[in-house]
Amino acid sequence: MAPVAITPESSGTTTPTTASGLTQAGIKHAHPPSKSEAPLDASRMKVTLTQTPRQVPEPNSPEVMAQKTCTDHMVTARWTVENGWDAPELKPYGAFSIMPTASVLHYATECFEGLKLYRGFDGRLRLFRVAKNCERFRKSAARIALPDFDPAEVAKLIIALCARDGAKWLPKERAGSFLYIRPTMIATDEALGVQRPKEALLYIILACFPDMTKSIAAPAPPALNGETVTTSTKPASSGLKLLASNEDTIRAWPGGFGSAKVGANYGPSLVAQGEARSRGYDQVLWLFGQECYVTEAGASNFFIVIRDKDSQALQLITAPLHERIILEGVTRASVLHLAQERLSHANNGLEPVQVVEKRFTMADVIAAHDEGRLVEAFAAGTAFFIAPISAIHFRGRDLIIPTVGDSGVYARQIKAWLASIMYGQEDHEWGIVVEEEV
Ligand SMILES: *Cc1c(COP(=O)(O)O)cnc(C)c1O
């Protein structure tokens with residue numbers, strides 16, 4: 001397919017937010033809010049503070065590495081078909097009970113989001129493009145017949161939780177670190193019949209996560225009290241090593257649900273992920289079809305920079321959204337936007353790149369590699385941030401991806417720009433400041 005240079009505006013990354021917009025996009029909610037059902041309303045939130053506050057673990061301590069520790073509070077909101085949304089609650093973090101017949105336990109009626117709360121080098125807390133996550137959350141919910149809501153209300157609930165727990169759990173001394181935010185919705189309906197759920201629970205938790213991203217171009221954290229604030233858990237020099245998926249294991253297909261962040265996408269990927277790990281690779285590179293279209297890497301979007309054979313121009317290429325077999329990453333959209341805005345002309349000593357969303361195959365990657373036209377590859381997503389890729393294994397062959405030092409130069413530059421926005425070194429509309437309660 002001929003490459004088509006596109007602008008971020010046409011990249012499919014803008015999301016219609018009105019109900020009619022969603023219908024136009026082919027997404028119909030099982031339960032659009034009606035007049036009798038109460039809408040989700042963050043201003044009705046009830047607050048119950050914990051009586052048993054817990055200790056904040058040290059960064060990258062065994063407790064953090066185990067990825068089980070959440071902050072003191074969580075937000076919940078119950079929905080029923082009769083009444084709509086109950087008043088949301090901010091309350092102590094802890095277990096909740098659901099019936100063994102609950103829809104989510106049988107029919108995977110679950111969707112989620114993943115974003116981060118960042119402690120900036122200016123001492124302030126920030127979210128990154130939280131509205132985009134909330135819009136995607138709404139679309140994911142629609143795909144699995146979970147109830148509709150105004151995404152702006154979920155954003156307010158996320159902000160309320162971050163404001164409550166941020167000061168303690170992401171202290172000012174930890175500039176350059178983050179908490180992981182997991183908004184989730186499950187169908188708690190206790191009817192075992194296969195049907196649209198009549199009851200659901202939306203909840204938001206804040207988790208302590210190890211930093212898997214610090215390795216490359218993030219701004220060097222300043223030393224406070226004579227010690228370095230953060231440590232990297234993985235030597236950057238290695239880069240990610242990807243194992244291309246086999247024909248018998250497909251992550252997503254046209255008409256499926258690969259473009260929704262629903263739990264049903266992830267359980268079935270764990271066998272392939274485990275096999276990749278046991279063979280010494282970090283992530284699966286998900287291919288699609290006999291043509292071996294390159295789609296995504298693990299739970300990250302995948303980018304390559306190649307020199308086009310005909311035009312000799314550099315191109316930053318990633319898979320398109322319209323087939324709905326990849327997840328529409330917020331990081332992906334941001335990479336495309338920044339590359340279009342700042343790299344379509346020579347900048348910081350870097351040759352310009354054309355930004356291209358198109359189908360491409362492993363054969364294209366191999367040809368570029370063998371002809372010396374493969375400049376770099378990287379994965380982009382909230383969890384791994386911008387992760388340079390150093391090798392791809394495909395059907396018995398290891399392709400070694402060039403790096404300059406520990407990263408490709410484009411990955412390093414884009415990562416540095418994004419990190420500056422997240423950690424407050426660049427004032428940008430994507431960085432949403434959270435006023436913390438102290
Ligand atoms: C979450 C996710 C991504 C990355 O999305 P971001 O919004 O950038 O974090 C990419 N692919 C899959 C399959 C995902 O689940």
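Numbers here are sequence positions counted from 1. All ligand and atom numbering here is 1-based and tracks the order in the structure.
- Here the two rings, on Phe209 and Tyr180, have centers that are under 6.0 Å apart.
- Under the side-chain contact (heavy atoms from CB on, under 4.5 Å) criterion, Ile159 pairs with Leu127, Val434, sequence neighbours left out.
- Side-chain atoms of Arg126 and Tyr118 form no donor-acceptor pair, as typed in the model, at a separation below 3.5 Å.
- Using a 4.5 Å heavy-atom threshold, the side chains of Phe96 and Leu201 count as touching.
- Between the side chains of Thr295 and Arg251, not a single donor N or O lies within less than 3.5 Å of an accepting N or O.
- Between Glu351 and Arg307 there is a salt bridge, since at least one side-chain N of the basic residue sits less than 4.0 Å from a carboxylate O of the acidic one.
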Quick check for students: name every N or O atom pair between ligand 1 and the protein closer than 3.5 Å, with distances.
unit_1, atom_1, unit_2, atom_2, d
ligand 1, 7 (O), Arg136, NH1, 2.8
ligand 1, 7 (O), Arg136, NH2, 3.1
ligand 1, 7 (O), Val330, N, 2.8
ligand 1, 8 (O), Val330, N, 3.3
ligand 1, 8 (O), Thr331, N, 2.9
ligand 1, 8 (O), Thr331, OG1, 2.6
ligand 1, 9 (O), Thr382, N, 2.9
ligand 1, 9 (O), Thr382, OG1, 2.6
ligand 1, 11 (N), Glu296, OE1, 2.4
ligand 1, 15 (O), Lys261, NZ, 2.7
ligand 1, 15 (O), Tyr266, OH, 2.4

